[in-house]
Student: 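Attaching a single structure in structure tokens format; questions to follow.
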Amino acid sequence: MESLKYKLIRSKRRTIGLEIRPEGVIVRAPMQATQADIDGFIREHLDWIEKHLKKAEELKAKTDALPKLTMDEIRELADKAMKVIPERVRHYAPLVGVTYGRITIRNQRSKWGSCTGKGNLNFNCLLMLAPPEVLDGVVVHELCHRKHMNHSKAFYAEVQRVYPDYKKWDKWLNENGTLLMSRMI
């Protein structure tokens, strides 16, 4: 398609897929897909692409308008997180039925939390800018990785068992997280 600029990534995948990224449209295609296959797929999904490109532009305008956090503000958030997050982890760990190692607070641009194979937990200090229910959702999510180091149905069933409102607050984070992340220097 000549009218739409996109980056094509070929791989061993089985289907053609689309992504809207800040840097533009990415088309992922199987190695054997012809250019005609790719062009047809894009034509079929042009409305979806245009809708999501518009959303991405609106989001970029919002993020560009937000003030960046200063180093002092980031330190304050990290200090607050070091007080609040371990308390939430201590609360939820017995409910999940797991133990954990070290808790580290980071100032990241892309992740809200992570769990290592050794059971160490990492959390983003920007969680202090989100509603407390979002923080609890991220804490439970990472603790459930102590039982399931994947994002399987069993993993999400465990998350839902411990935190029934998880989907609601995960949706909030998906809708608002980029705005929070954009404030990082």
Side-chain angles (χ1 to χ4, degrees), residues 9-23 25-31 41 45 48-49 51-52 55-56 59 63 74 77-78 80-184:
I9 300 173
R10 290 185 180 271
S11 66
K12 292 180 181 178
R13 64 182 293 136
R14 294 175 187 211
T15 59
I16 300 173
L18 292 166
E19 284 182 57
I20 306 297
R21 294 289 184 118
E23 60 273 12
V25 177
I26 298 174
V27 178
R28 297 185 183 275
M31 296 290 199
F41 185 84
H45 295 86
W48 182 92
I49 293 168
K51 174 183 159 191
H52 285 83
K55 274 187 179 178
L59 182 61
T63 59
I74 292 169
L77 288 173
K80 182 177 178 185
M82 272 313 295
K83 293 178 182 112
V84 173
I85 292 175
E87 177 186 309
R88 303 313 297 151
V89 171
R90 279 191 298 277
H91 171 80
Y92 282 107
L95 299 175
V96 177
V98 296
T99 60
Y100 56 92
R102 250 186 6 257
I103 297 173
T104 305
I105 304 301
R106 301 176 184 233
N107 53 345
Q108 299 172 289
R109 292 175 182 262
S110 62
K111 285 187 173 189
W112 293 107
S114 62
C115 175
T116 69
K118 293 181 178 179
N120 295 325
L121 304 173
N122 303 300
F123 295 97
N124 193 321
C125 69
L126 293 176
L127 285 166
M128 295 298 96
L129 299 175
E133 297 87 352
V134 171
L135 168 62
D136 284 355
V138 173
V139 166
V140 169
H141 181 109
E142 298 312 329
L143 285 169
C144 287
H145 278 311
R146 297 289 293 130
K147 286 186 169 181
H148 305 277
M149 283 300 276
N150 55 43
H151 289 111
S152 64
K153 285 183 181 179
F155 167 80
Y156 282 109
E158 183 67 12
V159 172
Q160 288 284 142
R161 180 189 70 77
V162 176
Y163 197 61
D165 281 346
Y166 176 77
K167 284 184 181 176
K168 173 183 174 183
W169 296 106
D170 188 53
K171 181 179 184 222
W172 186 97
L173 195 55
N174 285 328
E175 291 172 354
N176 299 282
T178 303
L179 291 174
L180 295 180
M181 291 277 187
S182 74
R183 298 204 52 207
M184 196 58 73

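Only a predicted model underlies this, so the values are computations on that prediction, with no experimental measurement involved. Both backbone and side-chain heavy atoms feed into the values below; hydrogens, waters and symmetry mates do not.
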Student: If we only count heavy atoms from C-beta on, is the R146 to T99 side-chain gap below 4.5 Å?
Tutor: yes
Student: May I ask you to check whether H151 and H141 show a side-chain donor-acceptor distance below 3.5 Å?
Tutor: yes
Student: Could you measure the distance from the NZ atom of K111 to the CD atom of Q108? Nearest 0.5 Å is fine.
Tutor: 7.0 Å
Student: Hydrogens and angles aside, do N122 and R106 bring a side-chain donor and acceptor to less than 3.5 Å of each other?
Tutor: yes
Student: With a sphere of 6.0 Å drawn around NZ of K147, does it hold more than 12 non-hydrogen atoms of other residues, nucleotides or ligands?
Tutor: yes
Student: Has R10 got a side-chain atom pairing as donor or acceptor with P30's backbone, closer than 3.5 angstrom?
Tutor: yes
Student: Nearest heavy-atom pair of A130 and W172: which atoms, and what distance?
Tutor: CB-CZ3, 3.8 Å
Student: Hey, is R90 close enough to E87 for a salt bridge, meaning N to O under 4.0 Å?
Tutor: no
Student: Just how far is it from atom CG of L129 to atom CG of N124, taken to the nearest 0.5 Å?
Tutor: 9.0 Å
Student: Check the pair L95, R161 against side-chain contact (heavy atoms from CB on, under 4.5 Å), reporting the backbone distance first and the verdict last.
Tutor: CA-CA 9 Å; L95 299 175; R161 180 189 70 77; 5.9 Å; no
Student: Atom CD1 in I74, atom CE in M184: separation rounded to 0.5 Å?
Tutor: 4.5 Å
Student: Determine whether the side chains of Y100 and N120 contain a donor N or O and an acceptor N or O closer than 3.5 Å.
Tutor: no
Student: Is M128 close to L135 at the side-chain level, that is, under 4.5 Å between some pair of heavy atoms?
Tutor: yes
Student: Where does the angle between the aromatic ring planes of H148 and F155 fall among parallel (under 30°), tilted (30 to 60°) and perpendicular (over 60°)?
Tutor: perpendicular
